[in-house]
Protein chains: 2
Amino acid sequence: MSDSTSMRRRAAHCSSCAMRHLCMPEGLCANDVSRLENIISVTRKIRRGEALFRAGDPFDSLYAVRSGSLKTLVTHGSSRDGGRERVTGLLLAGDALGLDGIGDGRHTCDAVALEDSTVCVVPYALFERMCRETDALQRRMHRMMSQAINRESDHVVRLGMLRADERVARLLLDMSARLARRGYAATEFTMRMTRDDIGSYLGMTLETVSRTLSRFDKLGLIEAHGKSIRIRDFERLRSI
Amino acid sequence: MSDSTSMRRRAAHCSSCAMRHLCMPEGLCANDVSRLENIISVTRKIRRGEALFRAGDPFDSLYAVRSGSLKTLVTHGSSRDGGRERVTGLLLAGDALGLDGIGDGRHTCDAVALEDSTVCVVPYALFERMCRETDALQRRMHRMMSQAINRESDHVVRLGMLRADERVARLLLDMSARLARRGYAATEFTMRMTRDDIGSYLGMTLETVSRTLSRFDKLGLIEAHGKSIRIRDFERLRSI
DNA sequence: CGAGAATTTGATGATGATCAAACATAGTGG
DNA sequence: CCACTATGTTTGATCATCATCAAATTCTCG
């Protein structure tokens with residue numbers, strides 16, 4: 001563990017926030033919940049721009065975002081542009097991450113903090129064992145992974161058949177909905193990703209992202225000042 | 001079950017093909033293997049163009065392709081073009097499918113046969129219970145889902161940052177590699193999807209797919225006669 | 001405050017979509 | 001088995017969208 005990250009025992013905090021999302025203790029008896037809290041008892045801080053893990057790192061834990069936000073990205077070992085990177089995911093508080101590593105025991109993408117963030121660490125070996133013993137937890141795990149698959153496939157659909165302005169509109173609405181679900185304001189939020197990140201995530205250039213946001217602003221759909229976004233007209237944004 | 005599909009008990013067949021891929025019996029004792037064979041003992045036939053399941057159908061089984069091939073697609077309940085569909089996956093013999101349904105108990109996409117095909121049916125309730133009892137099987141299940149997530153995210157990357165000809169080249173190489181892994185010829189195969197399906201899968205129009213294949217043919221990279229493809233120059237195809 | 005990073009905006013051009021029409025192939029019924 | 005119709009494929013011509021190049025401006029943070 002580098003000096004730039006710290007580990008702490010925080011069972012109380014974890015169980016009160018991220019764990020509820022990650023593990024959905026519904027159906028777990030008090031005894032199970034306390035065992036689970038024991039497994040998920042370490043918090044890790046990641047400072048803006050730092051990586052929680054990188055592609056190729058050995059996989060040993062899942063994570064749940066406790067505060068802040070992260071992006072996942074793959075570095076495309078490709079043909080001509082030797083190594084452009086591509087943003088594949090945007091994780092907010094409560095989201096689980098690290099599932100990619102289960103496949104071959106190594107992470108397949110980088111996870112980088114978009115702002116100073118904290119995550120709950122879930123040692124996979126322990127978690128897996130507990131899944132086997134507690135059927136509600138196993139069910140929750142399977143559902144979580146299935147939903148991750150569906151999210152990705154939604155994203156594929158969006159990328160493949162929407163125009164640039166439609167993609168941007170969807171992203172804004174998606175952010176809004178996700179934040180609302182977490183109890184934050186749905187109309188006003190901060191896009192932590194740079195225009196470049198957004199472009200990479202949506203499959204377009206940063207200039208097109210910028211132009212699109214400017215246009216939305218002029219049309220009165222949103223108010224965009226740098227990273228801060230305010231949605232003014234959900235209806236028209238949806239109908240784009 | 002409609003008359004166009006039939007169900008049969010076929011433990012022997014299933015265990016000898018799809019089950020090996022789906023469940024990777026390594027680490028299972030003889031007793032476990034026989035229990036598993038008992039769970040996966042029904043085969044279902046789907047004729048070309050018919051659906052194994054549709055979005056919205058209640059989820060109760062996973063499937064493993066035993067012969068033939070299928071595509072998965074989502075019908076995009078979208079803004080202006082009221083309901084275009086988008087191909088999200090291409091499944092070959094040995095591939096698992098149906099994982100999308102675990103999330104909310106309903107399938108989120110259609111699975112349609114590209115040719116007359118058969119699948120092994122894996123009742124999920126039984127399978128899930130057995131996962132809980134057999135750790136090797138649970139591990140296999142988790143890895144399978146994780147790999148599904150990674151495959152999708154690869155696809156996202158391809159769609160978002162590759163040009164049309166690069167996407168087509170990747171698809172051909174991907175097909176070739178997957179067939180080779182199954183013991184089929186790597187250089188010569190039949191693309192069961194129509195140009196329209198391919199375009200939908202790769203996020204471009206059928207005309208562009210057709211043009212690209214024609215160009216590859218003229219350049220001596222492949223030989224394309226309708227759906228039959230022969231790869232003539234892997235190196236140059238990779239370097240596109 | 002100052003330097004590097006990020007953003008905005010403009011001008012231009014290439015890639016791929018769209019429209020259109022000829023052609024091939026496969027499935028169907030006489 | 002063949003003709004016929006559906007469906008799928010190829011190819012061409014034109015045009016829109018978005019990428020690229022470039023430069024000015026604003027933001028951020030050390």
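Here is the naming used below: chain letters follow the sequence lines, and residue numbers restart at 1 for every chain. Because the structure is a prediction, the values reported are computed rather than measured.
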Q: Let's test this: given Watson-Crick or G-U wobble pairing with both distances under 3.5 Å, identify the partner of D:dA6.
A: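 D:dA6 is paired with nothing.
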Q: Taking syn as within 90° of 0 and anti otherwise, name the glycosidic form of D:dA24.
A: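 Anti, which is what one calls it when the glycosidic angle falls more than 90° from 0.
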Q: Looking at C:dT25, which nucleotide sits across from it as a Watson-Crick or G-U wobble partner, both distances under 3.5 angstrom, or is there none?
A: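 Answer to the pairing question: none, since C:dT25 forms no Watson-Crick or G-U pair.
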Q: Any base atoms under 4.0 Å from A:Gly203, or only sugar-phosphate, or nothing? Heavy atoms, all strands.
A: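 Counting heavy atoms under 4.0 Å across all strands, the contact made by A:Gly203 is with sugar-phosphate only.
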Q: From the list C:dT9, D:dC18, D:dA19, which nucleotide is the closest neighbour of the side chain of A:Glu207?
A: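 Ranking C:dT9, D:dC18, D:dA19 by closest atom to the A:Glu207 side chain puts C:dT9 first.
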Q: So for atom CZ, which belongs to A:Arg48, do other residues, nucleotides or ligands contribute more than 12 heavy atoms lying within a distance under 6.0 Å?
A: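 No - once you tally the heavy atoms of other residues, nucleotides and ligands closer than 6.0 Å, there are 12 at most.
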Q: When you compare the side chains of B:Asn150 and A:Thr108, does any donor N or O come within less than 3.5 Å of an acceptor on the partner?
A: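 Looking only at side-chain atoms, A:Thr108 and B:Asn150 do form a donor-acceptor pair, the distance falling under 3.5 Å.
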Q: The side chain of A:Met204 lies closest to which of these nucleotides: D:dT9, D:dA19, C:dA20?
A: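 The listed nucleotide nearest to A:Met204's side chain is D:dA19.
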Q: Do the rings of A:His107 and A:Phe59 sit parallel, tilted or perpendicular, given the 30° and 60° boundaries?
A: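 Perpendicular: the ring planes of A:His107 and A:Phe59 meet at over 60°.
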Q: Please tell me which of the listed nucleotides, D:dT9, C:dG16, C:dT8, lies nearest to the side chain of A:Ser210?
A: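 Within the option list, the nearest is C:dT8.
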Q: Closest approach to the side chain of B:Thr208, judged atom by atom: which nucleotide of C:dA17, C:dT18, D:dC18 is it?
A: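 Looking only at heavy atoms from C-beta outward on B:Thr208, the closest nucleotide is C:dA17.
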Q: Quick one about A:Ser67 and A:Ser117 (side-chain donor to acceptor, distance below 3.5 Å, no hydrogens or angles considered), yes or no?
A: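 Looking only at side-chain atoms, A:Ser67 and A:Ser117 do not form any donor-acceptor pair under 3.5 Å.
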Q: Please work out if A:Ser214 contacts a base, only the sugar-phosphate, or nothing of the nucleic acid, heavy-atom cut-off 4.0 Å.
A: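 Here A:Ser214 touches the backbone only, sparing every base.
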Q: Which nucleotide sits closest to the side chain of B:Arg211: D:dG12, C:dG16, C:dG10?
A: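 The nucleotide sitting nearest to the side chain is D:dG12.
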Q: Applying a 4.0 Å non-hydrogen cut-off, can you work out what A:Thr194 is touching in the nucleic acid: base, sugar-phosphate, or nothing?
A: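 Here A:Thr194 touches the backbone only, sparing every base.
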Q: Closer to the 5' end of DNA chain C via nearest nucleotide, is it B:Arg48 or B:Arg167?
A: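 Final value for this comparison: B:Arg167.
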